[in-house]
Amino acid sequence: MPERELTPLYPFSAVVGLPDLRLALLLNAVSPAIGGVLVRGEKGTAKSTVVRALAGLLPSVDVVAGCRFGCDPASPYGACPDGPHEAGSDAVTRRARLVELPVGATEDRLVGALDLERALTAGQAAYSPGLLAGAHRGVLYVDEVNLLHDHLVDLLLDAAAMGEAYVERDGVSVRHAARFLLVGTMNPEEGELRPQLLDRFGLAVQVRAPREPRERVEVVRRRLAYEADPAGFAARWADADAELAERIDAARRRLPAVTLPDAELTRIAHVCATFEVDGLRADLVVARAALALAAWHGRDRVTAQDVRDAARLALPHRRRRDPFDAPDLDEQALEDALNSAPPPTDGSHADRDPGLGDASGAPGERDRAARDDGSGDTGPDGDVDPDGDLDGDGPDGSGPDDGPDGPDDGGPDGGPRAGGPGGGAPDGDGAPPRPGSPVDTRQRDGADEGRYASAGQQHAEAATPRKARLFAVAGVGEGAAGRRSPAYTRTGRTVGAREPGGALTALHLAATVRAAARQQHTRGRAPGGPLRLVAADLREPVRQGRESNLVLFCVDASGSMAARKRMGAVKGAVLSLLLDAYQRRDKVGLVTFRGSEAELALPPTSSVEAGAARLRELPTGGRTPLAAGLRRAAHTLRVERLRDPHRRALLIVVTDGRATAGADPVGEAMHIAGGLAATGVSAVVVDCESGVVRLGLAERLAVRLGAEHVPLTEVTAQGLAGVARRDRRRAA
C-alpha cells in the first residue's frame, strides 16, 4: 500500500495581513540569536497557522550522519550522547525542524529519558532523546505557552540560557546541545507568562483579527481554497515561498557584514534606559533585531528606522511592572525617546540619520522610504502580492503604516494608539493610563456615574494591593504543580517510595536496595558479590511539593458594601489575594451578588489580569442576595470539578454576612452554606462588617460553611504568614 502523503502546511506567503508577526518571525529566521517570538492575541487569529508555515522557509542544515541530536559536522558537540564525532564527519542535509511542545507534555518527553531499568539491571545506559534534541538548530513551538506547567518552564529557561539540555537520574548524567528558536503563542484571556520566561522571548507581537471586511473576505476565501485542495493551493504559492526562503538565506549570509554605528547603538541604549526595562537583555535584543532588519532590507548599515522597528517589537513585553499591567508600548513615548537620544560619547554626529528628524519633529520620509523593499508584484491570484498583504506591504511588514482598519484605526502594530483603547491622551508621563490609575478613574467615573445613578450603583477605586497571607486547601492533593497547597508532585521533598505504575523515571535507591536484599539468597548472590537486581525490585520516590488551586471569589457587591471607602478596602484586599494567586500559579474565578441575583463575573481562568479588570469595574448597590451568591459559587465549583477533577478548589467569600433578598434570606444562606460544607470544599470567609454595632453574621456563616473566619483588616497584614487550615470530618 503506498504511503499516505502528509497534508501540506498553509503557505507563509498566503497569510493575509499580520505584518508585525510575519516580520518578527522572518527576523528570527535571519538571526536566531534574537531569541524567539511571543505571539499574543485573541483566539482565531491564525497565530498557529503562521508559526507552522515558517517551517517551510527555514534553510536546510547539515547534520552528522546517524546523530539523533543534530550535531553540526563542522563543529560537533563534544558531549553528544551519540558521539564523539570527529570534525568533518559524514554529513546529511535536511530541513530545519519545527518541533511542537504540547502543553501537557511530561519532563521526560521534553528533555528525554534514561531507561533506568536497563541501566540498573543490564548495565546499559540507554537514552531516548526528547523534544529539545529534535528542536536543536531548528524551532521549538509552544502553543498556549502561558498554560505550560512550571517544571517545564524551568527546563526551557535552563536550555534557552545555556544552549544545552541536561538529564540527571540517580547518578547518571546525560547532556546534549539544544540551541533553538523559541516561538510561543498564547491567548491573554487564559493568563500571563511567568516574568522569567516572558523576558526570554526576544520579540513580542500582539495580533488581532482584521476589522476591514475586504481583508476578512480574502482570509476566508484563501482558507476555503486551501481546505478544498491543500496540495494545489500550496503549489500556487510555492514560488512566493521560495523567494522568501532565498531572501532569508541571503540575509543570513549578509548579516555578519552589517555594521551598527555608534549613533544607533547610543540610541538603543537611550531608548531602553528611558523605558526603564530591567537588565541589559533588551539592549542586546534591539541591537540584534536592528542588524537583522538591515540585512533583510539588503543594507550593510543599521539605520534609525531599523532601531525604531526593532524597539517596537522588543520592548512591549519588558515594560510590565505588575501582573495587572498588559504588555503595551506607547508609540509617542517611543518616538520621543528615539528623537531625544544624545550623540555618541565621542561627540560624532556622522552616523545620525537625518531622516529621523530633530528632537521635536516628526519622522522624515527618508526613513519611511527606506522601509520599502520594492516588492509589489501580484501573486497567483492576480489581485494581491505574494506575501498575502492586501496593503501592498512586503512580507516583513514594511510599507504603509496603516493598520487593517485604515490609517486612523490604530498604531503600526494593528493595536490601539497611545492613550489606550479609546485613543485618549496619555497621562502626564507619556504612558497610557492603566486601569485604576487616577486618570483612568476620572474618565471612567465621569462616564459611568450617569449610567449607574438611576440603578443606585456606584464604583469605588480599589485600595493599593499588598502582600496577602497564605490561604491553602486542607489535606494533600495531586493537582498541577504550583505554590499554594500541599500535594504529591514530580518534584519536592521525598516522603516515601512505591512500585512504579509505568516507566521508571526516578529511582528511590534505598527502597530498591531493601526490596532486593530479601531475595539475594534465593538469587544465588555470592558473599561480597554485586547486588542482583530484577525489575520487580525497583522503587520510585513519592515526593511532596505544592500544587496550584482554583481560587473562587464570591464577593458581596450589595448596598451594604456600597460606601466608597469601605468598598475600596474590599477591592484592595481581593486584589491582594489575586496577586497572591498569580504568584502561586492558580486559576481564579469571580462570583458577585447584588440586587436580586448572582453573576459569574469571571469564569475560572488563569488570567489574573482579567480578574483584576472585572473587579475594578464592579458596581455596587441594591439588596443582598447572599443565598444566590453561594448557590452560584456551588454550581461553578461543581462544573469545574467535572472539568478538572485533580484541581482542588478554595472558596473565598467576601461579605459582611447580611442577607436581605428572599422570604428567609439568612436561613436560606445558612442552608446552602451547609450544603457546600458537605461537599468538602475548603473555604475562607473574609468578614467586611464594620462599625460599633456588629451582628456577627459573617462569623456565623463561617461556622456553617466550616470555613476560616478572617476579618478584612487581617487579609493583608504585613509579615503575616499564617496558613488557613480547617479540620473537618470527611463523609464516610
Side-chain angles (χ1 to χ4, degrees), residues 468-477 479 484-486 547-558 560-561 570 573-574 576-578 580-581 584 586-593 598 600 604 624-638 640-641 647-659 665-690 694-717 720-731:
R469 59 182 289 185
L470 171 62
F471 298 100
V473 179
V476 181
R484 182 172 296 278
S485 304
E547 66 179 359
S548 62
N549 299 114
L550 166 62
V551 181
L552 181 64
F553 295 92
C554 186
V555 180
D556 184 350
S558 64
S560 64
M561 307 281 289
V570 170
V574 178
S576 300
L577 293 170
L578 279 170
D580 182 69
R584 300 186 188 281
D586 295 316
K587 292 181 68 175
V588 297
L590 176 63
V591 172
T592 63
F593 54 95
L600 181 60
T624 311
L626 177 57
L630 295 175
R631 188 181 297 112
R632 177 57 65 94
H635 173 75
T636 302
L637 293 173
R638 184 166 58 252
E640 288 302 310
R641 194 178 300 115
R647 186 182 293 272
R648 298 189 296 162
L650 177 66
L651 175 63
I652 299 181
V653 183
V654 184
T655 181
D656 57 8
R658 290 180 172 85
V666 175
E668 185 181 4
M670 295 299 174
H671 174 72
I672 297 174
L676 269 168
T679 66
V681 64
S682 290
V684 176
V685 173
V686 178
D687 189 349
C688 303
E689 190 174 28
S690 61
R694 304 195 179 190
L695 303 179
L697 294 175
E699 189 170 3
R700 284 178 53 194
L701 177 66
V703 172
R704 185 65 174 166
L705 194 56
E708 176 82 4
H709 174 259
V710 181
L712 177 64
T713 55
E714 296 183 11
V715 170
T716 59
L720 190 60
V723 178
R725 293 285 193 271
R726 66 181 177 84
D727 298 326
R728 65 163 57 86
R729 294 180 180 178
R730 302 288 181 179

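- Around atom CD of Glu640, more than 12 heavy atoms belonging to other residues, nucleotides or ligands sit under 6.0 Å away.
- Among Thr592, Leu577, Val591, Leu650, the single residue meeting the side-chain contact (heavy atoms from CB on, under 4.5 Å) criterion with Phe553 is Leu577.
- Atoms CG and CZ, on Leu637 and Arg632 in that order, are 12.0 Å from each other to the nearest 0.5 Å.
- Remark: the Arg647 side chain and the Ser548 side chain contain an N/O donor-acceptor pair separated by less than 3.5 Å.
- Considering all non-hydrogen atoms of both residues, Leu552 and Ala633 come closest at CD2-O, 3.7 Å.
- Here the side chains of Thr624 and Pro665 are not in contact, with every heavy-atom distance at 4.5 Å or above.
- Using a 4.5 Å cut-off on side-chain heavy atoms (C-beta onward), Glu668 and Arg631 make contact.
- Taking a cutoff of 4.0 Å between a charged side-chain nitrogen and a carboxylate oxygen, Glu547 and Arg484 do not qualify as a salt bridge.
- A 4.5 Å side-chain heavy-atom check between Leu626 and Asp556 finds every atom pair outside the cut-off.
- Qualifying side-chain contact (heavy atoms from CB on, under 4.5 Å) partners for Arg700, counting only residues two or more places apart in sequence or in other chains: Val666, Met670, Leu697.
- For the pair Leu630/Phe593, no side-chain contact is recorded, criterion being any heavy-atom separation below 4.5 Å from C-beta on.
- When side chains are defined from C-beta on, Leu712 does not count as touching Asp687, because their heavy atoms never get closer than 4.5 Å.
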Step by step, work out the side-chain contact (heavy atoms from CB on, under 4.5 Å) result for Leu651 and Cys554. CA-CA 7 Å; Leu651 175 63; Cys554 186; 4.2 Å; yes
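- Residues Val653 and Val686 have side chains not in contact (no heavy-atom distance under 4.5 Å, counting atoms from C-beta outward).
- Inter-residue side-chain proximity for Val551 and Phe471 is flagged as unmet; no heavy-atom pair is nearer than 4.5 Å.
- Using a 4.0 Å cut-off between charged side-chain N and carboxylate O, Asp586 and Arg584 make no salt bridge.
- Put simply, the side chain of Glu689 gets close to the backbone of Leu695: a donor and an acceptor are under 3.5 Å apart.
- Using a distance-only test at 3.5 Å, with no hydrogens or angles considered, a donor-acceptor pair links the side chain of Arg648 to the main chain of Ala474.
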